[in-house]
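Values below: all heavy atoms of this structure, side chains included; hydrogens, waters and symmetry mates excluded. Fair warning: this is a prediction, and the values are worked out from it, not measured in the lab. First listed ligand is number 1; within each ligand, the first listed atom is number 1.
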Amino acid sequence: MVLPLPLVPLPASAIVGEGRMPVTESMRVIGDSPAAIQLMDAVAHRTGIRLTTTDVAEPGAITLRVESGAAPTEGYRLSIGENLQIVGGDEAGLFYGVQTLVQLLTEESGVWSLPRVEIVDAPRFPRRGVMLDVTRHFFDVAEVKRFIDETSALKYNHLHLHLSDDQGWRIQIDSWPKLTELSSASAADGDRGGFYTKDEYREIVAYAAARHMIVIPEIDLPGHTHAIGVAYPDLVEEPVLNDALVSQAKELGQPLPVKGEPYLGWGVGHSSVRIHEERTYEFVRDVIRELVELTPGPYIHIGGDESLGTPQADFDLFAERATAIVVEEGKIPVAWHEMGSAAGIAEGTVGQYWGMTTPSETHAAEAARFVERGGALIVSAADAAYLDMKYTPDFPLGLTWAAVVDVQRAYSWDPVAVLDVPDSAILGIEAPLWSETTRTYADVEQLVFPRAAALAEVAWSPQEGEGRDWESFRGRIASLAPGWRARGVNFHASPEIDWASPEIDWASPEIDWASPEIDGVEQ
Ligand code: ACM
């Protein structure tokens, strides 16, 4: 098969011309956008070629500019002919044009070059999210930045950080200092925990913003709250043990939750804050107020999933009060779809659907409630978009409760076909990485890549159209491997993909052949 353009996600339209443009140190970059610096850094990192800037138009220069109206929101036009020009409809569009350009760079016999091409591109969905669970295992600021680098390069634009769960509390809250003093040190399996100070968290938010990613902080309530009770026992109920939790703990050899002691297992559904205590809502308001101060983006996620130990009427009461608090503090609430059980959930709340691609009636009705209340939906169908599912039944990392999700399965679904709501109610997708089994950041990368690339195409590229199919994707995704290897990304070389296709320059000296974690590739 002839390799089409080595791009993931597939652009909305591309016309390929004859010949190639060599990339050399003598090329100048014109443009004062931050994207110009990002382009020069990325080219230097990928090729070793150090481009410089100029103010003067000259033949063969790379021009970067923003022109409102030249492309839709987040869209861009990339033209490589005699000259090279990227025009963004906005700064984000320019940034995405730069990501496309970097993917187009290829090397042959020591010469780096670009194809002559005209690309006009813009995203299918405004919401292209990834989630990192930093509670079951903790990932430090440098690791989160790496996650942002690699996902923003795939044109993701939201980073949801799951900051609290039964196993730990991960963000400094000044008004409730024991949360980090007493509930942050441990993680699942007795591994090391951690938390972000406010300055560290601001650093993450700023780093993401520079790459056009909005950070959505999540405090998971009213369940998934065992860690809150380690710091403040009066805020939570006694653990409620369900049969599944008890049998899973036995099977995995994990401890059961004990109130006031750090919880090191993986079980869910046993914890709840006290719904009928006013102090609970003082806590919720304080935490949300402090998160709002750290959050330039419009959203605060308040969880709502798997509150199995909370009676339904109590859960619904909590959902109504907690979403109202987020609105009163000036943000748009986001909640897992279960909160759609509450008739009075705050208007405009965004639901995050995490059921299957074929929903149960209950899940579908809960998701639809958000739309009835003037909100919208993010689709995180667990049997397609969950990055913590195993690729194969015997894959060493990940879980299987939703499905075994190989790369083709992650690629082959349509977010608007899952729920019976108007297409306009679907903001887009989010691909969550839950971290029960990922004890290191290298483990995270194994599960995330290449599936995050498959899901990026689901979120960005038109559903119909030439090249938007698995066979084309298989060819294009392989061409991302040299860049991932050059940057040390520990992706899973799934045997579904012909990573050693002849179009890929396997002899590149930047490839870290010694990496022992890269499996499935002939080295
Ligand atoms: C979830 O997977 N509990 C949202």
- Task: Go through the steps for Leu154 and Gln99 under the test side chain to side chain contact (heavy atoms under 4.5 Å, CB included), then give the verdict.
- Result: CA-CA 8 Å; Leu154 293 167; Gln99 305 316 309; over 6 Å; no

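- For His160 and Trp336, the gap between ring centers is short of 6.0 Å.
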Any protein N or O within less than 3.5 Å of an N or O in ligand 1? List each pair with its distance, or say none.
from	atom 1	to	atom 2	distance (Å)
ligand 1	2 (O)	Tyr386	OH	2.6
ligand 1	3 (N)	Asp305	OD2	2.6
ligand 1	3 (N)	Glu306	OE1	3.0

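- Take Pro177 and apply the side-chain contact (heavy atoms from CB on, under 4.5 Å) test, not counting sequence neighbours, and it matches Glu181, Tyr232.
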Show the atom names and distances, to 0.1 Å, of all donor-acceptor pairs under 3.5 Å that link a side chain in residues 244-251 to residues at least two apart or in another chain.
from	atom 1	to	atom 2	distance (Å)
Ser247	OG	Asp243	O	3.3
Ser247	OG	Ala244	O	3.3

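- Listed by chain and number, the residues in a side chain to side chain donor-acceptor pair (under 3.5 Å) with Gln103 amount to none (sequence neighbours excluded).
- Salt-bridge formation is not detected for the pair Glu74/Lys155: no Lys NZ or Arg NE/NH1/NH2 atom is positioned less than 4.0 Å from an Asp or Glu carboxylate oxygen.
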